[in-house]
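All remarks here apply to the structure that follows.
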Amino acid sequence: MPKMLQLKTRYGGTRVLTITTAAEHEEVVARLIAGLSPSAVKIYGMSGTQKFELPKREVRLDVVFGAVEAARAMFPVHGWGVADTTLEDVFIRVAKDARAFDVLS
């Protein structure tokens with residue numbers, strides 16, 4: 001198996017959900033996403049735009065769509081998208097893991 005595919009298989013078992021709302025709704029969105037999976041991780045948040053990593057094995061796409069629709073029923077959602085983990089995301093995760101290892105050793 002090529003090295004790139006091995007890395008993506010090992011570190012890329014997630015989808016990235018990006019959602020933009022008014023800043024005052026960030027906490028509600030974060031709680032909504034946390035309810036989808038105990039393994040959901042917020043990886044970015046600024047001025048109403050948030051990104052979450054969602055494990056593919058725990059969260060189906062229809063569930064993600066339902067969560068976005070639930071948010072839209074409560075307040076305006078200015079934009080959103082969901083995508084598979086990119087190779088860039090994989091390299092960032094590998095770099096973070098390597099840096100954490102360096103700090104601990």
Side-chain angles (χ1 to χ4, degrees):
M1 180 182 290
K3 291 288 185 194
M4 299 267 192
L5 188 55
Q6 287 177 348
L7 286 173
K8 194 154 183 187
T9 300
R10 182 173 178 186
Y11 292 98
T14 60
R15 289 190 175 95
V16 177
L17 169 66
T18 304
I19 186 166
T20 301
T21 63
E24 65 261 20
H25 298 123
E26 284 184 8
E27 186 61 35
V28 175
V29 170
R31 283 195 307 268
L32 187 64
I33 301 306
L36 298 180
S37 167
S39 304
V41 176
K42 183 176 177 177
I43 56 174
Y44 174 85
M46 182 179 283
S47 302
T49 297
Q50 300 180 83
K51 283 188 176 189
F52 300 90
E53 281 187 338
L54 305 171
K56 286 181 183 180
R57 68 186 179 284
E58 293 178 18
V59 183
R60 296 185 334 256
L61 278 178
D62 63 320
V63 174
V64 174
F65 295 154
V68 171
E69 286 302 313
R72 292 176 74 184
M74 292 184 273
F75 44 79
V77 173
H78 304 296
W80 70 279
V82 64
D84 282 340
T85 305
T86 65
L87 200 51
E88 178 182 5
D89 295 328
V90 169
F91 284 127
I92 289 169
R93 177 172 274 170
V94 170
K96 282 181 182 178
D97 288 352
R99 186 173 25 186
F101 180 77
D102 287 344
V103 170
L104 295 175
S105 53

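The basis for the numbers below is simple: all heavy atoms, side chains too, and nothing from hydrogens, waters or symmetry mates. Counting from 1, the numbers follow the sequence of the chain as shown.
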Subject >> Trp80-Tyr44 co-clustered via ILVMFWY side chain contacts under 4.5 Å >> reply: no
**OP:** Would you kindly confirm whether Leu61 and Val16 end up in one hydrophobic cluster when ILVMFWY residues are joined by side chain heavy atoms under 4.5 Å apart?
**Re:**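 Different hydrophobic clusters.
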Original post:
Just one of Val28, Val41, Leu54 clears the side chain to side chain contact (heavy atoms under 4.5 Å, CB included) bar with Ile33, so which one?
Top reply: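 It is Leu54, the one option of Val28, Val41, Leu54 that forms the side chain to side chain contact (heavy atoms under 4.5 Å, CB included) with Ile33.
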Original post:
So which heavy atom on Pro55 is nearest to which on Ser39, and how close?
Top reply: CG-CB, 3.5 Å
Euclidean distance, [Y] [atom2] relative to [X] [atom1], rounded to 0.5 Å:
X: Leu17; Y: Leu36; atom1: CG; atom2: CG; result: 8.0 Å
X: Glu27; Y: Thr21; atom1: CD; atom2: OG1; result: 11.0 Å
X: Glu58; Y: Arg15; atom1: CD; atom2: CZ; result: 12.0 Å
X: Ile43; Y: Thr14; atom1: CD1; atom2: OG1; result: 7.5 Å
X: Arg57; Y: Ser37; atom1: CZ; atom2: OG; result: 8.0 Å

Subject >> For Lys42, all residues meeting side chain to side chain contact (heavy atoms under 4.5 Å, CB included), sequence neighbours excluded >> reply: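 Once residues adjacent in sequence are excluded, the partners of Lys42 under the side chain to side chain contact (heavy atoms under 4.5 Å, CB included) criterion are Glu26, Gln50, Phe52.
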Original post:
Would you call the rings of His25 and Phe75 parallel, tilted or perpendicular, where under 30° means parallel and over 60° means perpendicular?
Top reply: parallel
